[in-house]
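Computed from a predicted structure; not experimentally measured.
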Amino acid sequence: MISSKLKYLILLVLLSCSSAVWSQMILDTLNLMEFEVLGSRTLHRETFNKTKIDSISKKEYDHLSLDDLLSAGAPVFIKNYGRGAASSISLRGSGASHTQVLWNGFNINSPMMGQSDLSQIPNFFFDEVSIAYGGGALAHTPGAIGGSVSINSGPSDKKLPVLQVEQLVGSFSTLSTHLSVNLGNEVFQSSSRFLYLDSENDFSYYNDAILPASEMKRENAQYGRYGFSQQFSYQPNNKHELVLTSWNQWNERNIPQIMTNVDKSGSHDEYQNDFSSRTVLSWKYHKKNNLVSIKSAYFIEKQHYFLSTADKDISAPIPIFDTDNTSKSILVKSFYQRTLPKLWVLSAGLDLSQYIVQSESYAEDKQRKQLDFNLKVRKQFLNRIIFESVVRSQWVDQRPLTFMPYLGLNYRVLSGKELFLKFSMAYNQKLPSLNDLYWVPSGNENLKTEKALLIDGGMSFETMLGSHLKLNLEASAYYSDIDDWIQWAPSSFGFFTPQNLQSVVARGLEIQSGFNTRINQLKIEGVLQYAYTRTTDESAQAQQDGYAGRQLIYIPVHTMNAFVYVDYYGFSLRWHLDIVGKRTTSYNDSESLNNSLPTHHIHKVSLGKGIHLQKLDLALKFRVNNVFDQDYQVLALRPMPGRNYEIILSLAIH
């Protein structure tokens, strides 16, 4: 299905890369109207759909994790096992492993699981976050069939406060402390950040999965994390920059029982403790029209998982699992960019990666070596058209994969007007994770690489009404044809094992709209984001068994979020709404079975006041989560908390 389209796409990319035009040097720019950015927005000069989370939303969720920020700032679905529990992202109807999470350009998805636990990524440790959807992610990394999430820790900013402290006290005995120290001058800068979080997480919920249904309190759900990040940057002149960044974190999390098991007799002890250390050393050289960047990184992740249980007739608990896993990643990225005459930009990159995994769940230690080469050409025509092509090739354990090309086009419809049309096509591939291949006894070493043809088209519009009100609208439609989709399913041996589905088709629509205005001391911003997603298994097996065309489990057809932010003389008010549509939890469509989760809509409201006193800033904020106390689950039998509260006090010294 994909092969003929792929050949045509590769031919177009190779032809575009062979072109060269030489003339008078002009910088690669696209003139836009000047305006103050208050909220999240898409980037008009990109050839693909991309969202950058705005600084206001980032600051609002600084004391929380990446999953909370993404669910509030983009039309995505976050799969959450409960407050403080594991969470992952679904972009454009894809699976969790189809989204690559990048930190300072490096993939931090676990080489074992092939995905990231977003609940363990604190927003406080990074400065910027953006989402590249679908084929556009191929410019950053291979394997991102759904897209990529990029988080970056920028060089220390002289405008940052010298000392900043933030203290949160919340429901369920939650305590969170953030501390940052920023020092330096024009040449050398240092940024230190420290984090401490602890929560009993003992919220009450209504358990209707047992008989008789009753009000219960969540037990064995405590979690905590603490860590620090340190960044040193050295810039002797405007040509060279050397940056060392280290992110170190410890996570402790108890794992509560699902709702059907909480009233069973006996004891249950389940927890997971993690440690991760990620260090990046980067050098950048920029002179005239040349940019050279070399980065090296070393990541280590350790995980200890324990589970014991016993019924009432056994005096002592019996350990069922007590395992340790360690993964190490050695990574190098090199990049060169040259700006040529007549708005041609040529760039090339070479990435080397080695992953080493020691796991008691594998028969032996496993390694994976990867080499990735990419070539990118970008051209702007008459300040109206931007054309971009990428060719990426990858070798895995000395075995080459098919070329992965990308073609993108951005067209300004009317000169001087902010109305753009976008279109892109890409072919991407994703390797099975090491757990998919080698987990004992479930791994399947015969798995094939997932392959996807990704097509995306849309428009973006932005305008000013008068001198104070800015409006924006973006709409995108996409189609993804994914062969050999990997899914864990029950096997004839009685346990789940990964299998390749022959064909999965994902298609949908994304709409983002917003406004912001500023009149003297009054600032108002509003954003509305909606996603329609259809992901179905169209394989021969699905056709034969009669479930072709059904929505894949745990992928909602409808998701929406919206917020309004008002600031007046230091007083701020923010209202946020998150709506997640119905999700199926089983392929069995029998009416007698509870095989779906209903739509839920969660409201959050925060009220704050900031005071600026020369070199001292003070702020106090009060937030109410789940304002209407809705009883809901994101994943089946994993309860979420009802109405709860947070008080946040922050102090900054400049």
Side-chain angles (χ1 to χ4, degrees), residues 37-40 51-74 78 83-84 87 101 103-104 118-131 149-154 156-157 159-170 174-182 191-199 223-231 245 247 249 251 525 527 561 563 565 567 570 572-574 576 578 604-610 612 617-625 644-654:
V37 177
L38 297 178
S40 60
T51 298
K52 183 176 181 180
I53 305 297
D54 68 282
S55 58
I56 292 178
S57 294
K58 173 65 172 60
K59 187 175 181 180
E60 177 77 12
Y61 290 90
D62 246 1
H63 63 286
L64 297 175
S65 302
L66 184 58
D67 51 349
D68 299 289
L69 178 60
L70 293 178
S71 65
I78 301 296
R83 185 176 185 270
S87 66
V101 180
W103 174 62
N104 290 341
L118 304 184
S119 70
Q120 306 289 33
I121 303 178
N123 297 324
F124 182 66
F125 279 170
F126 58 87
D127 303 298
E128 298 178 345
V129 57
S130 61
I131 304 171
V149 177
S150 296
I151 58 178
N152 294 289
S153 304
S156 299
D157 190 335
K159 297 180 181 179
L160 291 176
V162 174
L163 175 66
Q164 184 172 11
V165 182
E166 184 177 86
Q167 182 64 58
L168 177 145
V169 178
T174 300
L175 184 70
S176 176
T177 304
H178 293 158
L179 170 67
S180 67
V181 180
N182 303 284
S191 176
S192 308
R193 307 184 192 191
F194 304 89
L195 161 70
Y196 173 83
L197 169 65
D198 183 74
S199 178
Y223 66 92
R225 70 179 67 102
Y226 52 95
F228 68 94
S229 70
Q230 177 62 54
Q231 180 169 281
T245 307
W247 167 16
Q249 188 170 313
N251 306 304
E525 176 190 1
V527 172
N561 61 62
F563 75 82
Y565 173 82
D567 185 281
S572 64
L573 173 67
R574 181 185 176 104
H576 175 80
D578 207 358
K604 301 176 184 178
V605 175
S606 65
L607 177 65
K609 169 60 178 173
H612 178 67
D617 290 334
L618 292 172
L620 179 65
K621 182 180 296 182
F622 176 69
R623 177 185 289 117
V624 182
N625 301 308
N644 60 94
Y645 310 92
E646 296 170 340
I647 298 176
I648 308 163
L649 175 64
S650 62
L651 176 150
I653 301 175
H654 294 270

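Shown here are the salt bridge (Lys or Arg N to Asp or Glu O under 4.0 Å) partners of Asp62, two or more places apart in sequence or in another chain: Lys58. By the ring pair (Phe, Tyr, Trp, His ring centres under 6.0 Å) test, Tyr226 is found to be paired with Trp250, residues two or more places apart in sequence or in another chain being considered. Every residue was checked against the salt bridge (Lys or Arg N to Asp or Glu O under 4.0 Å) condition with Arg225, not counting sequence neighbours, and none meets it. Residues forming a side-chain hydrogen bond (donor to acceptor under 3.5 Å, both in side chains) with Arg574 (at least two apart in sequence, or on another chain): Ser57. Here Phe126 pairs with nothing under the ring pair (Phe, Tyr, Trp, His ring centres under 6.0 Å) rule; sequence neighbours left out. Evaluation of the side-chain contact (heavy atoms from CB on, under 4.5 Å) rule for Ser119 yields Asp67, Ser87, Asp117, Arg253 as partners, not counting sequence neighbours. Partners of Asp617 by side-chain hydrogen bond (donor to acceptor under 3.5 Å, both in side chains), not counting sequence neighbours, listed by chain and number: His612, His654. With sequence neighbours excluded, the residues forming a side-chain contact (heavy atoms from CB on, under 4.5 Å) with Ser650 are Glu166, Ala619, listed by chain and number. Partners of Glu646 by salt bridge (Lys or Arg N to Asp or Glu O under 4.0 Å), not counting sequence neighbours, listed by chain and number: Arg623. Considering only residues two or more places apart in sequence or on other chains, Gln167 meets the side-chain hydrogen bond (donor to acceptor under 3.5 Å, both in side chains) condition with Thr177. By the side-chain contact (heavy atoms from CB on, under 4.5 Å) test, Leu179 is found to be paired with Leu163, Val165, Phe194, residues two or more places apart in sequence or in another chain being considered. Considering only residues two or more places apart in sequence or on other chains, Asn251 meets the side-chain hydrogen bond (donor to acceptor under 3.5 Å, both in side chains) condition with Gln249.
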Assess whether side chain to side chain contact (heavy atoms under 4.5 Å, CB included) is satisfied between Val101 and Leu118, documenting all intermediate values. CA-CA 9 Å; Val101 180; Leu118 304 184; 4.1 Å; yes
Starting from the C-alpha separation in whole Å, work towards a yes-or-no answer on side chain to side chain contact (heavy atoms under 4.5 Å, CB included) for Leu197 and Leu168. CA-CA 9 Å; Leu197 169 65; Leu168 177 145; 5.9 Å; no
Run the side chain to side chain contact (heavy atoms under 4.5 Å, CB included) check on Ile121 and Trp247 step by step: do they pass? CA-CA 10 Å; Ile121 303 178; Trp247 167 16; 3.8 Å; yes
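Judged purely by atom type and a 3.5 angstrom limit, Asn152 has no side-chain atom pairing as donor or acceptor with the backbone of Asp127. Judged purely by atom type and a 3.5 angstrom limit, Asp198 has no side-chain atom pairing as donor or acceptor with the backbone of Gly224. In terms of modelled atom types and a separation under 3.5 Å, the side chain of Asn644 and the main chain of Gly170 share no donor-acceptor contact.
Between His178 and Phe124, the ring planes are parallel. Angles under 30° get that label, and only those over 60° would be called perpendicular. The aromatic rings of Tyr61 and His576 lie perpendicular to each other, with more than 60° between the two planes, well past the 30° mark.
Remark: Tyr223 OH to Thr174 OG1 distance equals 5.0 Å, nearest 0.5 Å. Remark: Gln230 CD to Thr245 OG1 distance equals 9.0 Å, nearest 0.5 Å. Atoms NZ and NZ, from Lys59 and Lys621 in turn, are 7.0 Å apart once rounded to the nearest 0.5 Å. Atoms CG and OG, from Leu70 and Ser65 in turn, are 10.5 Å apart once rounded to the nearest 0.5 Å. Here the NE2-CG distance, from His63 to Asn123, works out to 9.0 Å after rounding to the nearest 0.5 Å. Note: Asn625 CG to Leu64 CG = 8.0 Å, rounded to the nearest 0.5 Å.
Under 3.5 Å, the side chains of Asp567 and Ser572 contain no donor-acceptor pair of N or O atoms. A donor-acceptor contact closer than 3.5 angstrom is absent between the side chains of Ser153 and Arg193.
The two residues Ser71 and Asn561 have their closest heavy-atom pair at O-ND2, 3.2 Å.
Other residues, nucleotides and ligands contribute over 12 non-hydrogen atoms within 6.0 Å of the NZ atom of Lys609. Environment of CD1 in Ile647: sparse, with no more than 12 heavy atoms of neighbouring residues, nucleotides or ligands closer than 6.0 Å.
Within the 4.5 Å cutoff, no side-chain heavy atoms of Asn182 are placed close to those of Val162.
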